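Comments concern the structure below.
All figures in this text were calculated on a predicted structure; none of them were measured in a lab. When a ligand or atom number is given, it counts from 1 through the structure's own listing order. Start at 1 with the first residue, then count along the sequence.
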Amino acid sequence: MSIQQVTVLGATGSIGVSTLDVLARHPERYAVFALTADRKWQVLATQCLQHNPRYAVLNDMAAAVALAEELRRQGCKTEVLQGADALAQVASHADTHVVMAAIVGAAGLLPTLAAVKAGKKVLLANKEALVMAGGLFTRAVAEHGATLLPIDSEHNAIFQCLPNHRADYLVDGLQSSGVRKILLTASGGPFRNTPLADLKTVTPEQACAHPNWSMGQKISVDSATMLNKGLELIEACWLFNTRPEQVQVVIHPQSVIHSMVEYVDGSVLAQLGNPDMRTPIAHALAWPERIASGVASLDIIATARLDFSAPDYERFPCLHLAQQAAARAATAPTILNAANEVAVAAFLQRKIRFDQIAQVITSVLDKQDVIEPDSLELVIASDQKARELAHSVILAL
Ligand code: NDP
């Protein structure tokens, strides 16, 4: 088997670091082609020295200059590029086979789409790209013969529990494959049992202290509001060609079952494992084969019990907003996603309270018209308008 050249978009983040850990375990199968980040050039420098990629890309100009200087000093031959076009360039480069899409937020859309349009094997962690432009994105996958594999642990679990003949359900819908529903599991985050009145005063540090997963700040806050589960519901509809009402969100605090698929005959298939993103990363990298990921065996005896409950919308209004946006479709998910990104950034900067994240999203969804997103330009314009509205809503709070 020839060595697969892998580009890691968002290499310095939580998923990026886990991806490099898995790749380093299999030098006979994978080499690192390109690594990218926004501005953390010191982390990227260390990664370049260890993995020796052909390219390193930074979004930020000053960071790119500093990285190039540091790599020259260390005698590393990696070529440093800068800016959004360079991200798309390495993602679609003729010499890369696999692209890990792990930039956080809407910034990931264009480079991920560039990889899709170049027909790459795309490992999708950047759920926001699919939420904001799902129709355009999935059409591009089909038109350009790309292979899209889910990294989100829930979607990876669902993928593992679905029939192997993806072409059937991608054309005719999940029901045609005998699937009754998807059970999308959620831990409930750090505030599952916090008294409702206390949610007004929780801090970014508390919101980012997820009980089971170690993740980047934005997805950690999304998990605390459960907006993340709403984004995942929308992501599942696009990935598996199904409708929102076929996806049931279930709180499962142990995060051992990563999601389930129920068939019409009553069978429910689940994928279990320790909460460690290296499992879905290794699965998607090697699919349809299996490789070691470094994840410890699941101790099912120590796990002892698995609990399930329904989500409480009073506690998690963001989940309800996302379900409504999923049902409304068109640009409603684009607007939801953009308003959420601005609100989460404001919360992390202590400009708004935790419970005001849902207020900001509600106001923006109320103020902005939903349209059919038939071009990328329209999607990007809707995203921009929602961001402007979100900033003005925050100023008025
Ligand atoms: P992190 O915040 O840890 O990392 C984000 C990465 O994106 C960093 O490399 C960052 O660079 C880079 N980045 C940020 N903004 C830009 C930009 N404007 N242009 C280019 N690069 C940028 O995020 P995570 O790894 O936690 O999450 C990445 C994606 O994966 C998200 O979409 C998330 O929802 C999804 N995901 C994450 C999971 C997890 O366990 N972490 C689980 C499932 C999905 P820099 O370091 O320089 O800021």
Note to self: If the cut-off is 4.0 Å to any non-hydrogen atom of A102, which atoms of ligand 1 fall inside it?
What the structure shows: 6 (C), 7 (O), 28 (C)
Next item on the list: May I ask you to identify, for M215, whether its side chain, its backbone, both or neither come under 4.0 Å of ligand 1 on a heavy-atom basis?
Entry: both
Checklist line | Shortest reach to atom 32 (O) of ligand 1 by a heavy atom, considering only K127, R39, E128 | finding: E128
Notebook entry, point to check: atom 29 (C) of ligand 1: which protein heavy atom is closest, and how many Å away?
Noted result: I103 O, 3.8 Å
Item checked: salt bridge (Lys or Arg N to Asp or Glu O under 4.0 Å) between E388 and K385, intermediate numbers included -> CA-CA 5 Å; E388 284 159 24; K385 180 159 187 221; over 6 Å; no
Next item on the list: For the residue pair H283 and L123, establish whether any side-chain heavy-atom pair is separated by less than 4.5 Å.
Entry: no
Margin query: Walk me through whether F137 and L124 qualify under side-chain contact (heavy atoms from CB on, under 4.5 Å).
Written below: CA-CA 12 Å; F137 196 100; L124 187 75; 4.1 Å; yes
Notebook entry, point to check: So R29 and E289, salt bridge (Lys or Arg N to Asp or Glu O under 4.0 Å) or not? Walk me through it.
Noted result: CA-CA 12 Å; R29 293 181 75 114; E289 294 167 25; 3.0 Å; yes
Check: Between atom CD of E154 and atom CD of E232, what is the distance when rounded to the nearest 0.5 Å?
Finding: 4.0 Å
Margin query: Return the closest protein heavy atom for atom 33 (C) of ligand 1 as residue, atom name and distance.
Written below: I219 CD1, 3.9 Å
Next item on the list: Would you mind running through ligand 1 and noting each atom that sits below 4.0 Å from a heavy atom of N126?
Entry: 32 (O)
Next item on the list: Establish, from distance only, whether the side-chain atoms of Y55 and Q89 form a donor-acceptor pair under 3.5 Å.
Entry: no
Margin query: Does any N or O of ligand 1 fall below 3.5 Å from an N or O anywhere on K40, backbone included?
Written below: yes
Notebook entry, point to check: So do T334 and P373 actually touch side chain to side chain, heavy atoms under 4.5 Å?
Noted result: no
Next item on the list: Report the nearest protein non-hydrogen atom to atom 13 (N) of ligand 1: residue, atom name, distance rounded to 0.1 Å.
Entry: D38 CB, 3.6 Å
Item checked: Nearest-0.5 Å distance, CD of residue Q324 to OG1 of residue T362 -> 8.5 Å
Next item on the list: Answer with side chain, backbone, both or neither: which part of V104 has a heavy atom less than 4.0 angstrom from an atom of ligand 1?
Entry: both
Margin query: Give me the residue, atom name and distance of the protein heavy atom closest to atom 43 (C) of ligand 1.
Written below: D152 OD1, 3.0 Å
Margin query: Does any N or O of ligand 1 fall below 3.5 Å from an N or O anywhere on I15, backbone included?
Written below: yes
Next item on the list: Mark up the atoms of ligand 1 that fall under 4.0 Å of a heavy atom belonging to A125, in ascending order.
Entry: 30 (O), 32 (O), 35 (C), 36 (N), 44 (C)
Next item on the list: For N59, take its heavy atoms, then give the atoms of ligand 1 lying under 4.0 Å from any of them.
Entry: 17 (C), 18 (N), 19 (N)
Margin query: When you compare the side chains of T7 and T96, does any donor N or O come within less than 3.5 Å of an acceptor on the partner?
Written below: yes
Checklist line | Value rounded to 0.5 Å, distance of OG1 in T194 from CD in Q206 | finding: 8.0 Å
Next item on the list: Please indicate whether any nitrogen or oxygen in S214 is less than 3.5 Å from any nitrogen or oxygen in ligand 1.
Entry: no
Note to self: With nothing but distance in play, are any N or O atoms of W213 less than 3.5 Å from an N or O of ligand 1?
What the structure shows: no
Next item on the list: Just jot down the ligand 1 atoms closer than 4.0 angstrom to any heavy atom of G10, in number order.
Entry: 6 (C), 7 (O), 9 (O)
Margin query: Rounded at 0.5 Å granularity, tell me how far CE in M100 sits from CD1 in I151.
Written below: 4.0 Å
Notebook entry, point to check: When you look for heavy atoms under 4.0 Å from ligand 1, do you find them on the side chain of A107, its backbone, both, or neither?
Noted result: side chain
Checklist line | Heavy atoms from other residues, nucleotides or ligands near CG of D307 exceed 12 (cutoff 6.0 Å) | finding: yes
Note to self: Is it the case that ligand 1 has an N or O less than 3.5 angstrom from some N or O of T36?
What the structure shows: no
Note to self: Test of understanding: with side-chain hydrogen bond (donor to acceptor under 3.5 Å, both in side chains), list the residues that count as partners of T242, not counting sequence neighbours.
What the structure shows: Q246
Item checked: N or O contact, T12 vs ligand 1, cut-off under 3.5 Å -> yes
Check: Does ligand 1 have any atom that is closer than 4.0 Å to a heavy atom of K218?
Finding: no
Margin query: I want to know if ligand 1 touches G13 in the polar sense, i.e. an N/O pair below 3.5 angstrom.
Written below: yes
Check: Of the protein's non-hydrogen atoms, which lies at the shortest distance from atom 26 (O) of ligand 1, and what is that distance?
Finding: G216 N, 2.9 Å
Checklist line | Heteroatom proximity flag, Q217 to ligand 1, N/O under 3.5 Å | finding: no
